[in-house]
Amino acid sequence: MGSKQRSSTSVVFVASVALLSACTASPAVPPPSTPPAAATALPVGSEPVTLDPADFTSDIDNPYWPMKPGTQWVYRETDPDGDLTVRVTATSETKVVANGVEARVVRDTVSRGVDIVEDTFDWYAQDQAGNIWYLGEQTAEFEHGEVASTEGSFEAGVDGAQAGVALPADPQPGMAYRQEYLEGEAEDAGAVLGVDELVEVPYGAFTGALLTRDTTPLEPDVEELKFYAAGVGPVLTLAVSGGAGREELLDVRTVAADTGTGPLGIAY
């Protein structure tokens, strides 16, 4: 998913997260609570939204995922066929999507050894309140160096596709929101489970992390937990249903301004 997630559940998640680095078992995840009134402004499901481009910027500084151009996050993803390397790069490029909003282009490249298996341009922008919006993606899966599928690609404003929220400005447990919407192609949803979590990955140990839960009606058996560290960004993703995958942050580094700006499928 993506491209491209405590009140009564606090004790469960703190205990689970404390064991993450030594245990691969999937924690039990209770359903999110009813969204508070403050969350009702965030879109859900297929709900249409009209966005004013003047209210948005491609300079994204939400503390849970600051996307400064030239920043690259490197992850290790476990896979039955062998570990994968995931590089996520906030590029120097922007794109005006079909709904008129100028978005930051973020390159997400998944490789097995020297071979690219999936490559994506994701488009994000931030509104005046600080919410990070997800405006679409151009994605391609590769087999033997050739494009095998572009399923999941969408652009807000094209063929009924709607923008969604990648991260709320002020996440609170119980918030629920859609992350993307193109019927039958891209219907990911998120929910905030906690904002004071503990998480440890090879890059470091963090307190006060945001925990979200990602789901999609297109794959109802699939659920993921995602942890975001303030000032860093996403640090850990765990598949807790429909799989047993783990994607953990290895490094955050500064790269050249033109890194990731080439065509999909071309190594960088």
Side-chain angles (χ1 to χ4, degrees), residues 1-7 9-10 12-14 16-21 27 29 32 35 38-39 42 59-69 71-77 86-90 104 106-108 120 122-127 129-135 137 164-180 188-216 223-240 245-253:
M1 288 178 282
S3 89
K4 43 209 250 308
Q5 315 161 25
R6 176 162 74 222
S7 52
T9 60
S10 298
V12 174
F13 283 110
V14 169
S16 298
V17 175
L19 297 174
L20 287 178
S21 60
V29 184
L42 302 180
D59 296 325
I60 298 171
D61 61 3
N62 182 301
Y64 287 110
W65 196 3
M67 300 181 192
K68 183 179 179 180
T71 304
Q72 184 176 90
W73 297 262
V74 182
Y75 302 87
R76 177 174 57 226
E77 180 179 342
V86 181
R87 288 177 294 162
V88 178
T89 306
R104 175 65 52 196
V106 176
R107 180 84 171 264
D108 186 328
T120 304
D122 292 309
W123 307 315
Y124 297 93
Q126 184 172 292
D127 66 20
N131 299 298
I132 300 177
W133 287 75
Y134 188 44
L135 299 159
E137 62 180 292
V165 171
L167 283 176
D170 182 23
Q172 299 295 327
M175 281 184 171
Y177 47 92
R178 72 136 181 269
Q179 298 171 327
E180 57 184 10
D188 289 4
V192 177
L193 298 181
V195 293
D196 193 22
E197 306 298 333
L198 311 174
V199 61
E200 183 174 0
V201 293
Y203 185 67
F206 303 92
T207 60
L210 168 65
L211 171 60
T212 67
R213 177 191 186 207
D214 288 2
T215 58
T216 174
E223 296 181 8
E224 291 181 341
L225 297 182
K226 292 186 177 180
F227 296 82
Y228 299 81
V232 178
V235 296
L236 180 64
T237 299
L238 294 174
V240 295
R246 177 186 178 97
E247 183 177 299
E248 54 189 4
L249 184 63
L250 302 179
D251 192 21
V252 180
R253 56 200 183 195

Next item on the list: Would you name the heavy atoms of Ala129 and Ala169 that are closest together and state the gap between them?
Entry: O-CB, 3.1 Å

Check: Mind checking whether Val192 and Tyr177 have side chains closer than 4.5 Å, heavy atoms only?
Finding: yes

Item checked: Considering all heavy atoms, the nearest Thr89-Gln72 contact -> OG1-NE2, 2.8 Å

Item checked: Backbone of Gly130 reached by a side-chain donor or acceptor of Asn62 within 3.5 Å -> yes

Next item on the list: State, yes or no, whether a side-chain contact exists between Met67 and Ile132 at a heavy-atom distance under 4.5 Å.
Entry: yes

Notebook entry, point to check: Do the side chains of Val235 and Trp73 get nearer than 4.5 Å, heavy atoms only?
Noted result: no

Checklist line | Set of salt bridge (Lys or Arg N to Asp or Glu O under 4.0 Å) partners for Arg107, sequence neighbours left out | finding: Asp119

Checklist line | Gap separating the CG atom of Leu42 from the CD atom of Gln179, nearest 0.5 angstrom | finding: 11.5 Å

Notebook entry, point to check: Say you draw a straight line from OH of Tyr64 to CG of Leu167; how long is it, rounded to the nearest 0.5 Å?
Noted result: 9.5 Å

Margin query: According to side chain to side chain donor-acceptor pair (under 3.5 Å), who are the partners of Arg76, at least two apart in sequence or on a separate chain?
Written below: Glu248

Next item on the list: Can you spot which of Val232, Leu236, Val86 makes a side-chain contact (heavy atoms from CB on, under 4.5 Å) with Leu249?
Entry: Val232

Margin query: Which heavy atom of Arg246 sits nearest to which heavy atom of Glu200, and what is that distance?
Written below: NH2-O, 4.0 Å

Margin query: Which residues pass the side chain to side chain donor-acceptor pair (under 3.5 Å) test with Asp127, not counting sequence neighbours?
Written below: Asn131, Trp133

Margin query: Counting C-beta onward and ignoring hydrogens, is there a side-chain heavy-atom pair between Tyr75 and Val88 closer than 4.5 Å?
Written below: yes

Notebook entry, point to check: Got Tyr134 and Trp123 here, is their nearest side-chain heavy-atom distance under 4.5 Å?
Noted result: no

Check: Any side-chain heavy atom of Phe206 sitting closer than 4.5 Å to one from Phe227?
Finding: no

Note to self: Can a side-chain donor-acceptor contact be found between Glu223 and Thr215 if the only test is distance below 3.5 angstrom?
What the structure shows: no

Note to self: Quick check for you: to the nearest 0.5 Å, what is the distance between Thr71 atom OG1 and Ile60 atom CD1?
What the structure shows: 11.5 Å

Check: What residues, two or more places apart in sequence or in another chain, satisfy side chain to side chain contact (heavy atoms under 4.5 Å, CB included) together with Asp59?
Finding: Thr57, Arg104

Check: Are any of the side-chain heavy atoms of Tyr228 and Pro171 separated by less than 4.5 Å?
Finding: no

Note to self: Please give me the minimum heavy-atom distance between Pro66 and Gly233, naming the atom from each residue.
What the structure shows: CD-N, 4.4 Å

Notebook entry, point to check: Any side-chain donor-acceptor pair under 3.5 Å between Gln126 and Asp61?
Noted result: yes

